[in-house]
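Quick notes on the structure that follows.
For ligands, and for the atoms within them, numbers begin at 1 and follow the listed sequence. These values consider heavy atoms only, across backbone and side chains, with no hydrogens, waters or symmetry-generated copies.
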Amino acid sequence: MNESNREDKLREETKNWTEKLFHPGLEILQREGEEKGLKKAICRLYEQQTSQWPQLKLAVENAAKTEIRNIRVAGRRVKFQYNPARLANVTASTTREEIAKRPCPLCPHNLHQPQKALPFSEHWFVVCNPLPILREHMVLIHRQHRPQTARGILKDMLCFTELTGLATFYNGPQSGASIPDHLHIQATHPGQVPLVRQLPPASESCSEILFQQELPQRIFLYGKTYSHAEKLFKETIAAVNRQGGKEESDEPEFNLAVFKRGVGEVPVVVVHPRHRHRPSCFYLKGERRCIVSPGAADMSGLVILPRREDFVRLDGRKMRSIYEEICLPENRFTTLSEKLEERLNR
Ligand SMILES: [Zn+2]
């Protein structure tokens, strides 16, 4: 693409987003700046959208009424959420052919007519998720239509979580993202996500990386600064790739979650390395089928089940075997943690 085409494309993208801007929130950002005003501007957007957009209002009410079952897997709490509205997302086909056939749901001209957006940093627009699973469920959409990749996004996730208190979640293109052709990050109120109460405290010796072998396996990164957290993340991804026999710069299968810590502390980053996109029961027929397609929320202990029969039938033992299939084999996770610790302590 030559320079003038590139400029035209950028102008066109910006114009499309301009039509979606939420002006009362924008005024807050302009008056108070992003650092002070972002949380307030997002709250204002959420209030406006949930009162003025009937379809979202209903979806939020339905999400608040969803049935929940609490179970235990490997001694930790996991919540099942029965959420029929998520069926299309959970079963979305993410093959290149299917993606090419449909209009991109995250490009501004395809957003819902009443849907409004707020800018965040230089790359993102924030909108309300039209099919929420939790309170204050937002989506950060990259301003350009470009494929889902974690490269370069962690700093913005850390910053958004620190400023708003909302947890941010990233699903890899082969690990739960239902729209892998347009880069996006999910953000929600963290209160209902079991993982938020299972975060190990960084020890007094200021551990920068902690491993949890129990299913679903987790790697916790405690950066002292944003760039320190980014370095730890990069090392982790490179180690997962080396271990899987891939190029260090490739994107392995994984999910990512970022949770706020105390004031002035860099949010904690949680990496869930993955072995598979979907468990084998997803593909079975008849009674043995279970429609579950784990993404970052499911790996964080909130398992979304769009069919009642699965919600009623699934138990801790079966959920453990689902995690077992989609997480790394135990010996691979052990080797990964040893190699990574060795490398970071070198
Ligand atoms: Zn798009």
Query - Summary of ring pair (Phe, Tyr, Trp, His ring centres under 6.0 Å) pairs that have at least one residue in residues 27-76, sequence neighbours excluded - result: Trp53-His112
Requested in this report: Can you measure from CD (Gln213) to CD1 (Ile219) and round to the nearest 0.5 angstrom?
Outcome: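 So the CD of Gln213 and the CD1 of Ile219 are separated by 10.5 Å.
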Requested in this report: Check side chain to side chain contact (heavy atoms under 4.5 Å, CB included) between Lys79 and all other residues, then give those that pass, not counting sequence neighbours.
Outcome: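 In terms of side chain to side chain contact (heavy atoms under 4.5 Å, CB included), with neighbours along the sequence ignored, Lys79 is linked to Ile68, Asn70, Arg77, Gln192, Pro194, Leu302.
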Report task. Enumerate the residue pairs fulfilling salt bridge (charged side-chain N to carboxylate O under 4.0 Å, His left out) with a member in residues 299-318, sequence neighbours excluded, ordered by first and then second residue. Result ->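 Non-adjacent pairs meeting salt bridge (charged side-chain N to carboxylate O under 4.0 Å, His left out): Glu67-Arg308, Arg307-Glu309, Arg307-Asp310, Asp310-Arg313.
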**Report entry** Close aromatic pair by centroid cut-off 6.0 Å: Phe160 and Phe120
**Finding:**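 Yes: the rings meet the under 6.0 Å criterion.
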Report task. Taking atom types as modelled, find out whether His277 and Glu253 have a side-chain donor-acceptor pair closer than 3.5 angstrom. Result -> no
Report task. Report the protein N/O/S neighbours of the Zn ion (ligand 1) that fall below 2.8 Å; do not count waters. Result ->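 You should have found Cys104 SG, Cys107 SG, His145 ND1, His182 ND1.
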